[in-house]
Peer 1: 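The structure follows.
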Amino acid sequence: MKDKKIILTGDRPTGKLHLGHYVGSLKNRVKIQESGNYDKMYIMIADAQALTDNADNPEKVRDNIIEVALDYMACGLDPKKVTIFIQSQIPELYELTAYYMNLVTVARLQRNPTVKNEIKMRNFESDIPTGFFTYPISQAADITAFNATIVPVGEDQLPMIEQTREIVRKFNNIYGDTLIEPKAVIPSNDICSRLPGTDGKVKMSKSLGNCIYLSDEEDVIRTKIFNMYTDPGHLRVQDPGKIEGNAVFTYLDAFATNEHFAQYCPEYANLDEMKAHYRKGGLGDVKVKKFLNSIIQAELKPIRERRKMLQEHIPEIFEYLKEGSKDAEMVARETLEQVKNAMKINYFLDSYLMRYGSGFEKNIETEERF
Ligand code: TRP
């Protein structure tokens, strides 16, 4: 079991997926799927986690399950090759969560940088829902239930994986070797780890309204790209421009290849040459945006078209999700059983206990005498 390569990732279904998800994670998942270099791959639609801060808006979560599944499959994830499932349909995860809660202090959760940051972003202050506060523990359950060894995530999720590793070590220490310690894998390209929004803000995020969605139509993408934040000091074409903090160039860092230059902008051999020209002055934003637009359109067109086709097959997609959830539950059930065995809360499987009650050793001696 320990040498197996089991991959697990997940997304909260609170909106359609965007370019940030795509470069930060989806593209890589498809690559792994196609490489076949794994024993099992799970992709979880984390609806229960989404409810931790959307308790009053269950419709949003419900409606976005299929949107996220469509985005997955439009990008090339194939439910015949990977197990796509819905978190809330695996009740075992919440039983595991309850037991793991005993291994984590409130202070430790308060120190979790991701939780800290998200609490700030949501203005929760002291009105934090308990479920939200403890979601790192439920995430540890998500990961360990499937014996995941590798968790490909964005950089912001690293503290979650660290928390999971701590829980695993603590559990194994107290109850004996049971759970598997996962490793996080983040995109090798820094920019892909955290694609800024079209407004240049640090992250593409639905709540900031600065996203390019995988399902956006061609003209919508075009408008978003042409309205993108660049260098506010770069007013005239001949002015020198800044690359740092210029979202258009950050996107080019994430997407542009030399082949793209050959195809759409042959006067530069590569991005370095284009950047040098921009820095020096004489290269206008419109031209750079046009180039970026060509690249993004080429990348998103096949995804959008596949998504439209998939939209005609909603019932089949729900069947896949149902099957995936069944498959996932079987695995989680087995882990839960092992956890309960390790914790010695398997009373009805313990024939000695059932026969003699407590005082196990004394009773064995008694038995031998008869
Ligand atoms: N917290 C993740 C996010 O917000 C979603 C998630 C839930 C997840 N459970 C997971 C990711 C388990 C990886 C593994 O994106």
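What you see below is based on every heavy atom in this structure, not just the backbone, and it leaves out hydrogens, waters and symmetry mates. Here the structure is a predicted model, which means the values were calculated and not measured.
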Peer 1: Of all residues at least two apart in sequence or in a different chain, which pass the salt bridge (Lys or Arg N to Asp or Glu O under 4.0 Å) check with Lys16?
Peer 2: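 Partners of Lys16 by the salt bridge (Lys or Arg N to Asp or Glu O under 4.0 Å) criterion come out as none, since no residue qualifies.
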Peer 1: How long is the gap from CZ on Arg304 to OG on Ser215, to the nearest 0.5 Å?
Peer 2: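 Between Arg304 CZ and Ser215 OG, I get 9.5 Å after rounding to 0.5 Å.
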Peer 1: Does Asp71 use its side chain to pair, donor to acceptor, with the backbone of Leu17 at less than 3.5 Å?
Peer 2: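 A pair under 3.5 Å: yes.
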Peer 1: Should Ile45 and Asp11 count as side-chain neighbours, where that means a heavy-atom distance under 4.5 Å?
Peer 2: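 Counting from C-beta outward, Ile45 and Asp11 never come under 4.5 Å.
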Peer 1: Hey, are the side chains of Ile225 and Thr198 touching, using non-hydrogen atoms and a 4.5 Å cut-off?
Peer 2: no
Peer 1: Which residue pairs pass the ring pair (Phe, Tyr, Trp, His ring centres under 6.0 Å) test with at least one member in residues 266-289, sequence neighbours excluded?
Peer 2: His234-Tyr278, Phe249-Tyr278, Tyr268-His277
Peer 1: Does any non-hydrogen side-chain atom of Leu77 lie less than 4.5 Å from one of Ile43?
Peer 2: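 A side-chain contact exists here, since the closest heavy-atom pair is under 4.5 Å.
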Peer 1: Hydrophobic clusters join Ile, Leu, Val, Met, Phe, Trp and Tyr when side-chain heavy atoms are under 4.5 Å apart, directly or via other members; which others share one with Leu51?
Peer 2: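 Val61, listed by chain and number.
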Peer 1: Counting N and O atoms only, with roles assigned by atom type, does the side chain of Ser294 sit under 3.5 Å from a partner on the main chain of Lys290, one being a donor and the other an acceptor?
Peer 2: yes
Peer 1: Looking at Tyr251 and Pro196, would you say the former's side chain and the latter's main chain have a donor-acceptor pair under 3.5 Å?
Peer 2: yes
Peer 1: Applying ring pair (Phe, Tyr, Trp, His ring centres under 6.0 Å), which residue pairs with at least one partner in residues 75-108 are found, sequence neighbours left out?
Peer 2: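 Counting only pairs at least two positions apart or across chains, the ring pair (Phe, Tyr, Trp, His ring centres under 6.0 Å) contacts touching residues 75-108 are Phe85-Phe146.
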Peer 1: Do Lys183 and Val151 have side-chain heavy atoms sitting under 4.5 Å apart?
Peer 2: no
Peer 1: Could you please spell out the steps behind the side chain to side chain donor-acceptor pair (under 3.5 Å) verdict for Asp47 and Ser88?
Peer 2: CA-CA 6 Å; Asp47 62 333; Ser88 64; 2.5 Å; yes
Peer 1: Quick test of your reading: applying salt bridge (charged side-chain N to carboxylate O under 4.0 Å, His left out), list the pairs with at least one residue in residues 82-99, sequence neighbours left out, ordered by first then second residue.
Peer 2: Glu92-Arg333, Glu95-Lys340
Peer 1: Evaluate Ser351 against Arg355 for side chain to side chain donor-acceptor pair (under 3.5 Å), listing each step before the verdict.
Peer 2: CA-CA 6 Å; Ser351 55; Arg355 190 150 175 202; over 6 Å; no
Peer 1: Taking the side chain as C-beta and beyond, is there a heavy-atom pair between Asn112 and Lys116 under 4.5 Å?
Peer 2: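 When only atoms from C-beta onward are counted, Lys116 and Asn112 do not touch, as no gap falls below 4.5 Å.
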Peer 1: Would you mind listing every salt bridge (charged side-chain N to carboxylate O under 4.0 Å, His left out) that reaches into residues 55-69, with sequence neighbours excluded?
Peer 2: Glu67-Arg307
Peer 1: Of all residues at least two apart in sequence or in a different chain, which pass the side chain to side chain donor-acceptor pair (under 3.5 Å) check with Lys31?
Peer 2: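 Partners of Lys31 under the side chain to side chain donor-acceptor pair (under 3.5 Å) test: none.
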Peer 1: Kindly indicate whether the side chain of Lys289, heavy atoms from C-beta on, has any atom under 4.5 Å from the side chain of Met228.
Peer 2: yes
Peer 1: When you check the side-chain N and O atoms of Tyr22 and Glu299, is any donor under 3.5 Å from an acceptor?
Peer 2: yes
Peer 1: Determine whether Leu109 and Ile137 make a side-chain contact, defined as any pair of heavy atoms from C-beta on separated by less than 4.5 Å.
Peer 2: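 With C-beta onward as the side chain, the pair touches.
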Peer 1: Please check: side-chain N/O of Asn117 versus main-chain N/O of Pro113, any donor-acceptor pairing under 3.5 Å?
Peer 2: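 Flag not set: sc Asn117 to bb Pro113 has no pair under 3.5 Å.
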Peer 1: If the test is side-chain contact (heavy atoms from CB on, under 4.5 Å), which one of Val23, Thr250, Leu271 qualifies with Phe255?
Peer 2: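 Result: among Val23, Thr250, Leu271, Val23 is the only option passing the side-chain contact (heavy atoms from CB on, under 4.5 Å) with Phe255.
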Peer 1: Please list, chain by chain and in numerical order, all residues satisfying salt bridge (Lys or Arg N to Asp or Glu O under 4.0 Å) with Asp239, sequence neighbours excluded.
Peer 2: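 For Asp239 the salt bridge (Lys or Arg N to Asp or Glu O under 4.0 Å) partners, ignoring immediate neighbours, are Arg236.
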Peer 1: Take Arg279 and Glu244 through the test salt bridge (Lys or Arg N to Asp or Glu O under 4.0 Å) and record every step on the way to the result.
Peer 2: CA-CA 10 Å; Arg279 282 204 176 98; Glu244 295 71 30; 3.0 Å; yes
Peer 1: May I have all residue pairs that pass ring pair (Phe, Tyr, Trp, His ring centres under 6.0 Å) and include part of residues 161-192, sequence neighbours excluded?
Peer 2: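 Applying ring pair (Phe, Tyr, Trp, His ring centres under 6.0 Å) to every pair that reaches into residues 161-192, excluding sequence neighbours, yields Phe171-Tyr175.
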Peer 1: I need the full list of salt bridge (charged side-chain N to carboxylate O under 4.0 Å, His left out) pairs touching residues 254-273, with sequence neighbours left out, sorted by first then second residue.
Peer 2: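 Every pair satisfying salt bridge (charged side-chain N to carboxylate O under 4.0 Å, His left out) with a residue in residues 254-273: Glu267-Lys287.
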Peer 1: Salt bridge (Lys or Arg N to Asp or Glu O under 4.0 Å) between Glu323 and Lys326: does it pass, once the steps are laid out?
Peer 2: CA-CA 5 Å; Glu323 280 306 307; Lys326 248 197 241 157; 3.5 Å; yes
Peer 1: Give a yes or no on whether the backbone of Lys322 and the side-chain of Gln89 come within a donor-acceptor separation of less than 3.5 Å.
Peer 2: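 No: the side chain of Gln89 does not pair with the backbone of Lys322.
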Peer 1: Side chains of Tyr320 and Lys80 only: does a donor on one sit below 3.5 Å from an acceptor on the other?
Peer 2: yes
Peer 1: Who passes side chain to side chain donor-acceptor pair (under 3.5 Å) against Gln49, sequence neighbours left out?
Peer 2: Arg12, Gln139
Peer 1: With a 3.5 Å distance limit and no angle check, can you tell me whether Asp142 reaches the backbone of Leu93 through a side-chain donor-acceptor pair?
Peer 2: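 Answer holds: no.
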Peer 1: Between Arg169 and Glu181, is there a side-chain N and carboxylate O pair less than 4.0 Å apart?
Peer 2: yes
Peer 1: State which residues pass side chain to side chain donor-acceptor pair (under 3.5 Å) with Asn341; sequence neighbours excluded, sorted by chain then number.
Peer 2: Asn346
